[in-house]
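Following: one structure in structure tokens, then a few remarks.
FYI, side chains are in, hydrogens and waters are out, and symmetry mates aren't considered; it's all heavy atoms of this structure. If you're wondering where the values come from, they're calculated on a predicted model, not measured in any experiment.
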Amino acid sequence: MSNLLEKMSTTIEQKLTPVAGRIGQQKYITSIRDGFIAALPFMIVGSFMLVFIFPPFSKDTTWGFARAWLDFSAAHREMLMLPYHLSMGVMTLFISVGVASSLARHYKLDPITTGLLSLMSFLLVAAPFKDGQISTQYFAGEGIFTALIVAIYATEVYGFLKRHNVTIRLPEQVPAGVARSFEILIPVLAIIFTLYPLNLLLQHFTGMILPEAIMSALKPLVSASDSLPAILLSVFICQILWFCGVHGALIVTGIMNPFWMANLSANQVALAAGQAIPHIYTQGFWDHYLLIGGVGSTLPLAFLLIRSKEAHLRTIGKLGVIPGLFNINEPILFGAPVIMNPIFFLPFIFIPMINAVIAYTVTALGFLPRVVSLTAWTTPGPIGASWAANWAISPIFMCLFCMCSAALMYWPFLKAYEKQLLKQEQQKMAEKKAQQKDDAHHGHGTHPAAV
């Protein structure tokens, strides 16, 4: 069994790791990931406001504090919703600027100018003007994919024109800021004369503007992204890559973030409308049920290591528990080590997948509330699980259950690894004693005779 796992890990390392490394450094993947990271603070605050506006109390409650909170929220709903509408409600504006600015750095373009060009491009196709008003329908989750496509397109156009010197160049004596303003004029015209006519033609022949057409085309994919097979596939890829030493989470989250945010936005709209929450698979589900303590759900393993009979593992456990509470597990992954360790291959890969099946099933059956709030990935598991589900209590127990199941599954593999290390220590001690005895014997035999 050990030889089989070693061969498997070697094959993965030789075949899969180079491909994964190239994907992880792919400019579009990294730009999308960085764009979402840039927008994250605004979306977290907006999500928190939504949770505050819709507290986790029954509408029929008679408890004084809860009743007062609900009545206050209902009486001032429009005013309280404004921070949400101007953060989560316009997330695509932040994402569009963030993605384009990040991609601009790959081409050595000015990030601010490129971000503004992307913002204009997105508004051009996603903000129809009618009856004196601009529609904001596609500023939230429905416009995410359009924002990504348009940000990449606008940056590529700008980069192409600049590389081929199709720009307005001013003398060197002109201040840099003024020169950049004129440099962007031709890219702005190129965007307007390409995107806007495309949007008009699309609307004329299909009755849909670009964001609506993109969402319609991607609807099957978005729907599939919320399924159990999609969850298991994304977790499996993440775990396999991490086991080989490649940061799989960066690759998977870079790809899944648009789907997670679209699902979360739909959940929040449903919460605000008093409707059933539609989607299960969001970042909160990923962070607080599948990767508790970090990739591989290693926080339970850190607690187990503290009580290990082997000194090295005890030390690693003590070093890894506190960071693990905040989902940082590099001390465990590289200190134990778990990465590239054949003994831990099976639990590391399959524990998050088993917990995914359990959490998804319980949620789909209606026993576990769905995620409606965006939390920071460093939020400790039980707290983050409750926060993400509008401070419900049951996610805390689900998270603790996943931790216990992970501990039970890690236990036999840890004991096998511990036994292996203890045996190696005993062999080293025996060899050391034998060497000392041999040295003492030779030393006694060659000692000069006393005079």
In terms of side-chain heavy atoms, does [X] have a donor or acceptor partner in [Y] at a distance below 3.5 Å?
{"X": "His288", "Y": "Ser386", "answer": "no"}
{"X": "Asn267", "Y": "His279", "answer": "no"}
{"X": "Ser47", "Y": "Gln268", "answer": "yes"}
{"X": "Thr363", "Y": "Tyr289", "answer": "no"}
{"X": "Thr282", "Y": "Asn263", "answer": "no"}
{"X": "Thr155", "Y": "Thr114", "answer": "no"}

Exam field: side chain [X] to backbone [Y], donor-acceptor pair closer than 3.5 Å:
{"X": "Ser216", "Y": "Ala213", "result": "no"}
{"X": "Thr361", "Y": "Val357", "result": "yes"}
{"X": "Ser73", "Y": "Trp69", "result": "no"}
{"X": "Asp131", "Y": "Gln133", "result": "no"}
{"X": "Gln239", "Y": "Phe348", "result": "yes"}
{"X": "Arg370", "Y": "Pro278", "result": "yes"}
{"X": "Asp34", "Y": "Ser102", "result": "no"}
{"X": "Ser373", "Y": "Ala388", "result": "no"}
{"X": "Ser265", "Y": "Ala262", "result": "no"}

Taking C-beta and beyond as the side chain, do [X] and [Y] meet within less than 4.5 Å on heavy atoms?
{"X": "Ser118", "Y": "Tyr153", "answer": "no"}
{"X": "Glu142", "Y": "Pro211", "answer": "no"}
{"X": "Leu221", "Y": "Phe259", "answer": "yes"}
{"X": "Ser394", "Y": "Phe367", "answer": "no"}
{"X": "Tyr158", "Y": "Ile186", "answer": "no"}
{"X": "Glu212", "Y": "Thr146", "answer": "no"}
{"X": "Ile192", "Y": "Leu124", "answer": "yes"}
{"X": "Val97", "Y": "Leu116", "answer": "no"}

- Query: Does His106 have any side chain to side chain donor-acceptor pair (under 3.5 Å) partners at least two apart in sequence or in another chain, and if so, which?
  - Reply: Thr30
- Message: Holding to side chain to side chain donor-acceptor pair (under 3.5 Å), I want the full list of residues that pass it with Ser405, two or more places apart in sequence or in another chain.
- Response: Asn355
Show the nearest heavy-atom pair for residues [X] and [Y], with the distance to one decimal.
{"X": "Ile316", "Y": "Ala336", "value": "CG2-N, 3.9 Å"}
{"X": "Gly317", "Y": "Leu305", "value": "CA-CB, 3.6 Å"}
{"X": "Tyr410", "Y": "Ser297", "value": "CE1-O, 3.6 Å"}
{"X": "Ala190", "Y": "Val157", "value": "CB-CG1, 4.0 Å"}
{"X": "Phe54", "Y": "Leu271", "value": "CE2-O, 4.1 Å"}
{"X": "Gly293", "Y": "Asn329", "value": "O-CB, 3.2 Å"}

Please round to the nearest 0.5 Å and tell me the distance separating atom [atom1] of [X] and atom [atom2] of [Y].
{"X": "Leu117", "Y": "Ser96", "atom1": "CG", "atom2": "OG", "result": "9.0 Å"}
{"X": "Leu195", "Y": "Leu200", "atom1": "CG", "atom2": "CG", "result": "11.0 Å"}
{"X": "Thr92", "Y": "Tyr138", "atom1": "OG1", "atom2": "OH", "result": "11.5 Å"}
{"X": "Ser121", "Y": "Ile152", "atom1": "OG", "atom2": "CD1", "result": "12.5 Å"}
{"X": "Ile95", "Y": "Ile32", "atom1": "CD1", "atom2": "CD1", "result": "10.5 Å"}
{"X": "His85", "Y": "Glu78", "atom1": "NE2", "atom2": "CD", "result": "8.0 Å"}

- Given Ile306 and Leu313, is the side-chain contact (heavy atoms from CB on, under 4.5 Å) satisfied, shown in steps? CA-CA 7 Å; Ile306 292 177; Leu313 293 181; over 6 Å; no
[Y] and [X] aromatic ring geometry - parallel, tilted or perpendicular at 30°/60° bounds:
{"X": "Phe122", "Y": "Phe139", "answer": "tilted"}
{"X": "Trp387", "Y": "Phe48", "answer": "perpendicular"}
{"X": "Trp260", "Y": "Tyr281", "answer": "perpendicular"}

- Message: Between Thr136 and Val90, does the side-chain contact (heavy atoms from CB on, under 4.5 Å) criterion hold? Intermediate values first, please.
- Response: CA-CA 8 Å; Thr136 60; Val90 294; 5.7 Å; no
- Compute the centroid of each ring, for Tyr107 and then for Phe160, and state whether the two points are separated by less than 6.0 Å. no
- Ring center gap for Phe344 and Phe413 short of 6.0 angstrom: no
- Take Val45 and Tyr84 through the side-chain contact (heavy atoms from CB on, under 4.5 Å) test and state the conclusion after the steps. CA-CA 8 Å; Val45 172; Tyr84 166 77; over 6 Å; no
Should the heavy atoms of other residues, nucleotides or ligands under 6.0 Å from [atom1] of [X] be counted, would the total exceed 12?
{"X": "Phe334", "atom1": "CZ", "value": "yes"}
{"X": "Tyr28", "atom1": "OH", "value": "yes"}
{"X": "Ile112", "atom1": "CD1", "value": "no"}

- Message: Run the side-chain contact (heavy atoms from CB on, under 4.5 Å) test on Thr113 and Leu109 for me, step by step, so that the C-alpha distance in whole Å, both residues' side-chain angles and the decisive distance to 0.1 Å come before the verdict.
- Response: CA-CA 8 Å; Thr113 304; Leu109 302 174; over 6 Å; no
- Task: Could you check Thr378 against Asn327 for side-chain hydrogen bond (donor to acceptor under 3.5 Å, both in side chains), going step by step and ending with a plain yes or no?
- Result: CA-CA 5 Å; Thr378 51; Asn327 302 318; over 6 Å; no
